[in-house]
S.K.: 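Quick one: the structure is below, and I'll ask about it shortly.
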Amino acid sequence: MSETNFPKLEEAVLAFWRERQIFAKSDQKPAPKGEFVFYEGPPTANGKPAMHHVLARSFKDIFPRYKTMRGFHVTRKGGWDTHGLPVEIAVEKKLGVLGRKTLNKEQIAEFTKQCREWVFANIEDWNYFTERMGMWVDLEDAYITYHNNYIESVWNLLKRMWDRGMVVQDYKVVPLSPRISTTLSQNEIADGYREVDDPSVYVRFPLKLETTPLAVREKLQAQGVGLEALTNLAVLVWTTTPWTLPSNTMAAVNPDMDYVVVRSPSAGPLVLAAEAVARLEDLHKERLEVVAHLKGRDMEWWEYTPPFPEVCVELGVVKAQGEKRPDGRPVMHFVALAEFVSAEDGSGVAHEAPVYGAEDLELARQYGTPLLFGTNEYGLMVVTEERGKFFKEADKGLIRLMKERGVLYHAGQIRHRYPFHDRTGDPILYFAKPSWYIKTSLFRQALYENNEKINWFPEHIKHGRFGNWLKDNVDWAISRERYWGTPLPFWVSEDGSEKICVGSVRELSELVGRDLSDLDLHRPYVDEITFVKNGKTFRRVPEVLDVWFDSGAMPYAQWHLLLDEKGEPLPGTEENYRRWQRHFPADYICEAIDQTRGWFYSLHAISTLLYDQPCFKNVICLGHLVDEKGHKMSKSKGNVVEPLPMFDKYGADAVRWYLFTGSEPGEQKRFSERLVQEAQRGFLGTLWNVYSFFVLYANLDRPDLQNRPAVANRPEMDRWLVARLQQLVERVTARLDAYDARGAGKELEQFVEELSNWYVRRNRRRFWKNDDPTDRESAYATLWEALVTLSQLAAPFTPFVAEALWQNLVRRVRPEAPESVHLSDWPEAERALVDETLLVQMGAVVRVVGLARSARAMSGIKTRMPLPRVLITAPTEAELAGLRHFADEIAEELNVKEVQVLGLGEELLSYRVLPNLPLLGKKYGKLLPAIRAALAELDSRMVAQTLKAGQNLNLELSTPEGTRVSLSPEELLLEARSPEGYSAQEQDGYLAALEVRLDEALLLEGLSRDLIRLVQQARKEMGLNVSDRIHLSYTAEGKYAESLLRFGPRLQEETLALTLVQAEPEGFTTELSDEEGRVRFGLSKA
RNA sequence: GGGCGGUUAGCUCAGCUGGUUAGAGCACACGCCUGAUAAGCGUGAGGUCCCGGGUUCGAGUCCCGGAUCGCCCA
């Protein structure tokens, strides 16, 4: 069949599905096994669907299809992710409001209106694409994250977390564009990096003698460091941001790193990382004498005097410098331990100003230190003499000040990359802003333990990427200072003392005192909702919710779940509750690997926090799609492969098949048109060829496929195929049950190959030249069953071709059969039909035939020439029996007159005696080389006799110790070796040796096959039908004349010639002439 | 800088708990078949299993170190 027909066929199948509502009917298919829960991870419809969406959607489609056939019900509710930054940025560009900090109410209204429209900019493309690729998902009843009902459910989830104290407000370090004080996203600063020169300063933080930790004191004393040195000791701290030094609250060292006390001629005794000594000597041009060694962890809680000690009191954070907590620990200004500290740059001691760094802030949380805000959020200094200056401009003055105070050790410059905001040209200010958090870190253990219950494919994600992420879990920052998102449902009283989380529209209505059912829950409308409670006016906080919370809420929000504080459904939402229960948790989800910290995490976090259980049981985590050369596909590189042209050219099935079988789903996949073409030609092409073969003859013969012969009454070749088919059903089922689409696909591929190149090839004649109707019916029945079963097994993979096969093979024969292959029940393997003996036997036959073909190719004698004999053998008795049993089959396949099966110890065979390594290795270990040597010396025929008799083989080893070993038959392997004078091939104990001797009779027979071919060729050129009869006339000389005399009748039979006369050729003529003679035929249609 | 994964034939990929001569498909070469035929099939050539150490009787496979590509995070 021509390749270009697949796309057309698919269009026809799509029309059929549409017209007959097959997808809707699959929803009604009886489901004795209950619900198989699938969640659609919502894509965004503002971009165009691309090839990686085909990948994800193929894997999302295959298992629901499979499970439906297996007797489950699968709800395939679609979903769209609609909020968030990509949409906002696109609309900002359109409206030209980029980087504007504050929009007024009208502007927000316009902005969110535009966002709402933009969200579905490409929805048409998505709808078409999804249907075209054969993904069945309900897009008409999809959940949409911007819908009021969805938002309300999200609020409800937040409320339940709020009630349990999981939601808090705390600081978070965000990148700000100072002056306009606008929070930027990572994407916005990614392009803004520039090479700049910044200060690189080393500052002495004098350590307080009385707070020296015990471990330090002991170590230093042991190394002979005196009191005088201890008194003047300072830790040397490095920073590239002097303007943050007034905000310093800790000095951090790496607990596992080596530190030293050195004597500096210019600055006295200093503590710094051992690794940094040489660098500092070089930099400051002085010799630093090492006087003692310490570990970073020895120094924890050691207090120091910061360069600007007045700041903490000035800001009112503490009452006095050196203030202690109730437990006696210092409030701030002490040495802390942090694994992120390195000594690659600087001194190996990091300055910590938690307001200005995410890691620093995290450390401050661990140590419970307060924050010192040396600048305001517009980047202006609010402390020291530099007060009022822009932060970057304060560096010089501060350095001078430290010099005056005698704490500056060294001031230099460093060239490095630092981000700037393109629009304002200002350097980015990382700044701690108040932010809303979910306290996920309190549930670290539960998150990790629930992960243990999830099956990850590939498995390494579980404890690798995902597990590590959970182990290091930090609180989930859920607030964003944006416009287009789910507004946070938090209302705060004017004085900030009271906070209320609203869990439903009804609750808000009650608080406000009017019905808000028609309120658009988005900004700016929700911002206007205020209410008075306890005499205070409450206003909503300005932020919106992280979009990952939106998508992680889909198990609940897609059903508009609303619960009260007891976990009971709110009045009127009982049905929603039941639907949710039926669909939680998911049996299966699938997305690409980038979702480990996205959707996979948000699903897992929400269900763990609220239900202490995983949200999904099985997850396939797909690798990314790259181009043919392994590069990322991107528009700028122009290497993007569009899906629709691929579908139009090769068909969606071909694309799907490649994506399923081309490589492991978790691996990065190279994609190119060539590979799709290969997939189409390989599996689909072969399957289709077998199918067309069947159809071609079945249309002529009209076999009765309703009443097929019992399997037991069919020839062995058919029973073999039946057995193989049952085995296939078993294997494919097992693979798919294990979410192994690729393994299942490979099984199908292998089977189709055997079906085509062994079964059909060996049995072709039974379909068109068969006087035995029973045998013919049996062949038709067997091939039909194989094709029908294949169409079912392939249905989840390649739904279109499978459907085409089903319609034509099954629906025509049995109109009462299921209307679509996708509505049929998955085949059950019949164990009783799996004849293991037959499978083993046929396996040996195929193997030996392969070797014989190789041998014949080597000999240079065409298959057409019959050869007198082939000698064959196989390593096991069972297989030898098979070879004997199928000797005729083998003779015909190889075109030899005699097949001689050689058993163990036969005259003609010699052997190679090999140790059975897996057995002997364990037993004898180091003796193996000696055993090998001894085996090589033996007379192999004698060994064969011994083993045939079932006796042990005794060996005398030529090791110094002279050990004797006794080897059992299982511990040895005999491999047949090619006999002399034959054209032979051997492998793994299988052997085929052709006797290459052509006598006169064989030559004439071989020539007769040349003549048959000649006439057949002529028939075709004349344009005859395969069943047309002809008359033949001929003239011949030499061997051809002899051959015709002898094999004329066979020629007639093969070419459907009613007559064969030696006469001047008439009609269509054809001729042949070579060293064997010449011949000329005339053909005419009878 | 950290985490995870990859590196096997010209290309895309297999290779289970270590075991004898490392496989498949495509492409290539040669050939076969001619009642699946603008198809089909077979055979062959092609490998430093990324590099270097180690463990072992034996390493593509296990361990250590390194290179390189990709993803995620800083």
Side-chain angles (χ1 to χ4, degrees), chain A residues 1-2 186 339-340 342 344-345 357-359 458 460-461 463-469 471-472 592-594 596-598 623-624 626 628-632 658 661-664 666-672 674-675 677-679 681-683 685-686 688-697 700 742-743 746 749-750 753 756-758 760-761 764-765 767-769 849-850 852-858 860 862-864 912 914-922 924-932 973 975 985-988 1009 1012-1017 1019-1020 1024-1027 1054-1056:
Chain A
M1 283 295 123
S2 159
Q186 283 299 323
E339 274 164 16
F340 60 75
S342 92
E344 289 200 0
D345 296 303
E359 273 181 332
H460 64 79
I461 307 280
H463 293 118
R465 203 172 271 222
F466 197 66
N468 288 341
W469 165 247
K471 244 186 218 163
D472 299 336
I593 190 165
D594 50 29
T596 36
R597 284 157 202 218
H624 284 133
V626 294
E628 210 167 2
K629 298 192 188 74
H631 297 134
K632 205 171 163 176
Y658 167 66
T661 61
S663 63
E664 285 298 323
E667 299 295 328
Q668 180 173 289
K669 257 184 237 294
R670 297 195 174 198
F671 188 91
S672 76
R674 209 170 46 77
L675 296 168
Q677 195 176 2
E678 240 174 61
R681 283 228 296 265
F683 176 69
T686 309
W688 195 260
N689 258 322
V690 174
Y691 163 73
S692 349
F693 171 87
F694 175 87
V695 169
L696 179 65
Y697 293 108
L700 294 173
R742 177 170 209 215
K746 290 285 160 194
E749 226 162 39
Q750 175 63 29
E753 139 80 14
S756 173
N757 293 333
W758 186 251
V760 172
R761 200 160 55 80
R764 268 185 294 205
R765 289 181 161 237
F767 292 86
W768 52 265
K769 189 169 203 161
V849 164
R853 279 194 195 123
S854 175
R856 198 188 258 271
M858 296 282 196
K862 297 175 185 178
T863 310
R864 220 181 295 145
R912 209 185 336 265
L914 296 169
N916 190 344
L917 289 174
L919 291 180
L920 290 182
K922 284 193 188 84
Y924 296 107
K926 289 187 182 184
L927 286 177
L928 268 189
I931 293 176
R932 273 187 176 173
L973 299 172
E975 285 202 349
Q985 283 288 309
E986 70 207 35
Q987 204 178 42
D988 303 335
R1009 291 179 63 156
I1012 291 170
R1013 186 176 69 98
L1014 188 68
V1015 175
Q1016 298 289 28
Q1017 189 65 34
R1019 282 182 57 113
K1020 183 168 299 165
L1024 297 182
N1025 279 328
V1026 292
S1027 51
E1054 289 292 322
T1055 61
L1056 303 182

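In what follows, every chain begins at residue 1, and chains take the letters A, B, ... in the order their sequences are listed. Only a predicted model underlies this, so the values are computations on that prediction, with no experimental measurement involved.
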S.K.: Would you say A/E1054 and A/R1009 make side-chain contact, with heavy atoms under 4.5 Å?
M.R.: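 With C-beta onward as the side chain, the pair stays apart.
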S.K.: Does any part of the side chain of A/V626, heavy atoms only, come nearer than 4.5 Å to the side chain of A/F671, both counted from C-beta?
M.R.: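 Not touching, per the 4.5 Å side-chain cut-off.
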S.K.: Looking only at non-hydrogen atoms, find the nearest pair between A/S663 and A/Q668 and report the distance.
M.R.: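 Nearest pair, atom of A/S663 first, then A/Q668: OG-O, 4.4 Å.
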S.K.: Given atom CD of A/E678 and atom P of B/U12, what is their separation to the nearest angstrom?
M.R.: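 After rounding, the reported distance stands at 11 Å.
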S.K.: How far, in whole Å, is B/U20 from B/C57 if one measures between their C1' atoms?
M.R.: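 Approximately 13 Å lies between the C1' atom of B/C57 and that of B/U20.
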S.K.: In whole Å, I'd like the distance from the CZ atom of A/R674 to the C1' atom of B/G25.
M.R.: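 Whole-Å distance recorded here is 11 Å.
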S.K.: Along nucleotides 13-24 of chain B, 5' to 3', which nucleotides get a B, which get an S, and which get a -, given that the test is a protein heavy-atom distance under 4.0 Å?
M.R.: SS----BBB---
S.K.: Please report whether the ring centroid of A/F466 lies less than 6.0 Å from that of A/W469.
M.R.: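 Between A/F466 and A/W469, which both carry aromatic rings, the centre distance is not below 6.0 Å.
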S.K.: Would you mind reading off the distance between A/F693 atom CZ and B/U37 atom P, rounded to a whole angstrom?
M.R.: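 Value for this atom pair: 9 Å.
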S.K.: Given B/C57, B/G40, B/C4, which nucleotide is nearest the side-chain atoms of A/N689?
M.R.: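 The listed nucleotide nearest to A/N689's side chain is B/G40.
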S.K.: Would you kindly compare A/H463 and A/L696 by the position of their nearest RNA chain B nucleotide and give the one closer to the 5′ end?
M.R.: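 Going by which nucleotide is closer to the 5' end, it is A/H463.
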S.K.: Can you tell me which nucleotide in B/C11, B/U34, B/A36 comes closest to the side chain of A/K1020?
M.R.: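 For A/K1020, the side-chain atoms sit closest to B/U34.
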S.K.: In whole angstrom, give the distance that lies between atom CZ of A/R1013 and atom C1' of B/C32.
M.R.: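 Nearest whole value for this atom pair: 10 Å.
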S.K.: Rounded to the nearest angstrom, tell me the gap between atom NZ in A/K926 and atom C1' in B/U55.
M.R.: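 Value for this atom pair: 12 Å.
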S.K.: Just checking A/R597: does its CZ atom have more than 12 heavy atoms from other residues, nucleotides or ligands closer to it than 6.0 angstrom?
M.R.: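 Buried by this count: over 12 neighbours within 6.0 Å.
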S.K.: Which pair of heavy atoms, one from A/S756 and one from A/T686, lies closest together, and at what distance?
M.R.: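 Nearest heavy atoms, A/S756 then A/T686: CB-CG2, 3.6 Å.
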S.K.: Using a 3.5 Å limit for the pairing distances, which stems of at least 3 consecutive Watson-Crick or G-U wobble pairs does RNA chain B take part in?
M.R.: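 Stems found: B:1-7 with B:67-73, B:10-13 with B:23-26, B:28-32 with B:40-44, B:50-54 with B:62-66.
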S.K.: On a whole-Å scale, what distance lies between the C1' atoms belonging to B/G53 and B/A59?
M.R.: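 Each nucleotide's C1' atom is 13 Å from the other's.
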S.K.: On a whole-Å scale, what distance lies between the P atoms belonging to B/C13 and B/C50?
M.R.: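 15 Å, rounded to whole Å.
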S.K.: Tell me what A/R853 touches on the nucleic acid: a base, only sugar-phosphate, or nothing, going by heavy atoms under 4.0 Å.
M.R.: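 If one applies the 4.0 Å heavy-atom cut-off, A/R853 turns out to touch the sugar-phosphate alone, with no base involved.
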S.K.: If you measure from the P atom in B/A24 to the same atom in B/C41, how many Å do you get, rounded?
M.R.: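 Here B/A24 and B/C41 have their P atoms 16 Å from each other.
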S.K.: Nearest to the A/E753 side chain among B/G42, B/G35, B/A27, which nucleotide is it?
M.R.: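 Per side-chain heavy atoms of A/E753, the pick is B/G42.
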S.K.: Report the C-alpha separation of A/K746 and A/E749 in whole Å, then their side-chain angles, then the decisive distance to 0.1 Å, and conclude whether the salt bridge (Lys or Arg N to Asp or Glu O under 4.0 Å) test is met.
M.R.: CA-CA 5 Å; A/K746 290 285 160 194; A/E749 226 162 39; 3.3 Å; yes
S.K.: Under 4.0 angstrom, heavy atoms only, what part of the nucleic acid is A/R764 near: base, sugar-phosphate, or nothing?
M.R.: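 Base, at least one base heavy atom under 4.0 Å.
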S.K.: Does the side chain of A/V760 reach to within under 4.5 Å of the side chain of A/R764, using non-hydrogen atoms?
M.R.: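 Result yes, sub-4.5 Å side-chain heavy-atom pair found.
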S.K.: Between the main-chain N or O of A/T596 and the side-chain N or O of A/R465, is there a donor-acceptor pair closer than 3.5 Å?
M.R.: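 Side chain of A/R465 to backbone of A/T596, a donor-acceptor pair under 3.5 Å: no, none is there.
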S.K.: Reckon A/Q1016 has a side-chain N or O less than 4.0 Å from the OP1 or OP2 of B/G35?
M.R.: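 For B/G35, OP1 or OP2 has a side-chain N or O of A/Q1016 closer than 4.0 Å.
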S.K.: If I compare all heavy atoms of A/G662 with all of A/R742, which pair ends up nearest, and what's the gap?
M.R.: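 Between these two residues, the closest heavy atoms are O-NH2, 3.3 Å.
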S.K.: In whole Å, measure the gap between the P atoms of B/U61 and B/U8 for me.
M.R.: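 The answer is 14 Å between these two P atoms.
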S.K.: What is the nucleic acid contact for A/T686, judged by heavy atoms within less than 4.0 Å: base, sugar-phosphate only, or nothing?
M.R.: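 No contact.
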S.K.: Let's see if you can work this out: which of B/A36, B/G25, B/G44 has an atom nearest to the side-chain heavy atoms of A/S854?
M.R.: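 Of the options given, the side chain of A/S854 lies nearest B/G44.
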S.K.: Taking it one step at a time, do A/F767 and A/F694 satisfy ring pair (Phe, Tyr, Trp, His ring centres under 6.0 Å)?
M.R.: CA-CA 9 Å; A/F767 292 86; A/F694 175 87; 7.2 Å; no
S.K.: Please tell me which of the listed nucleotides, B/C11, B/C41, B/A36, lies nearest to the side chain of A/N757?
M.R.: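 That would be B/C41.
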S.K.: Using whole Å, report how far CZ of A/F466 lies from P of B/C4.
M.R.: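 Whole-Å distance recorded here is 16 Å.
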S.K.: Just wondering, do A/W768 and B/G35 stack (centres under 5.5 Å, planes under 30°)?
M.R.: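 A/W768 ring centre within cut-off of B/G35 base, planes near parallel; stacks.
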S.K.: For B/G47 and B/A9, measure between their C1' atoms and round to the nearest Å.
M.R.: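 The answer is 5 Å between these two C1' atoms.
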S.K.: Work out how far the P atom of B/U48 is from that of B/A36, and round it to whole angstrom.
M.R.: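 Their P atoms lie roughly 42 Å apart.
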S.K.: Which part of the nucleic acid, if any, lies within contact of A/R597, taking any heavy atom under 4.0 Å across all strands shown: a base, the sugar-phosphate backbone alone, or nothing?
M.R.: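 Sugar-phosphate only.
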S.K.: Take atom CZ of A/F683 and atom P of B/C26, then tell me their distance rounded to the nearest Å.
M.R.: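 Taking atom P of B/C26 as the reference, CZ of A/F683 is at 15 Å.
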S.K.: Within this structure, what is the CD-to-P distance between A/E1054 and B/G35, rounded to whole angstrom?
M.R.: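 Checked: the CD to P distance equals 9 Å.
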S.K.: Taking B/U21 as the reference, what is the distance to B/C64 when you measure between their C1' atoms (whole Å, please)?
M.R.: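 It comes out at 31 Å once rounded to the nearest Å.
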S.K.: Determine the contact category for A/L1056: base if any of its heavy atoms lies under 4.0 Å from a base atom, sugar-phosphate if only primed atoms, P, OP1 or OP2 are that close, otherwise nothing.
M.R.: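 Base contact.
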S.K.: Please lay out, stage by stage, how A/E753 and A/R761 fare under the test salt bridge (Lys or Arg N to Asp or Glu O under 4.0 Å).
M.R.: CA-CA 11 Å; A/E753 139 80 14; A/R761 200 160 55 80; over 6 Å; no
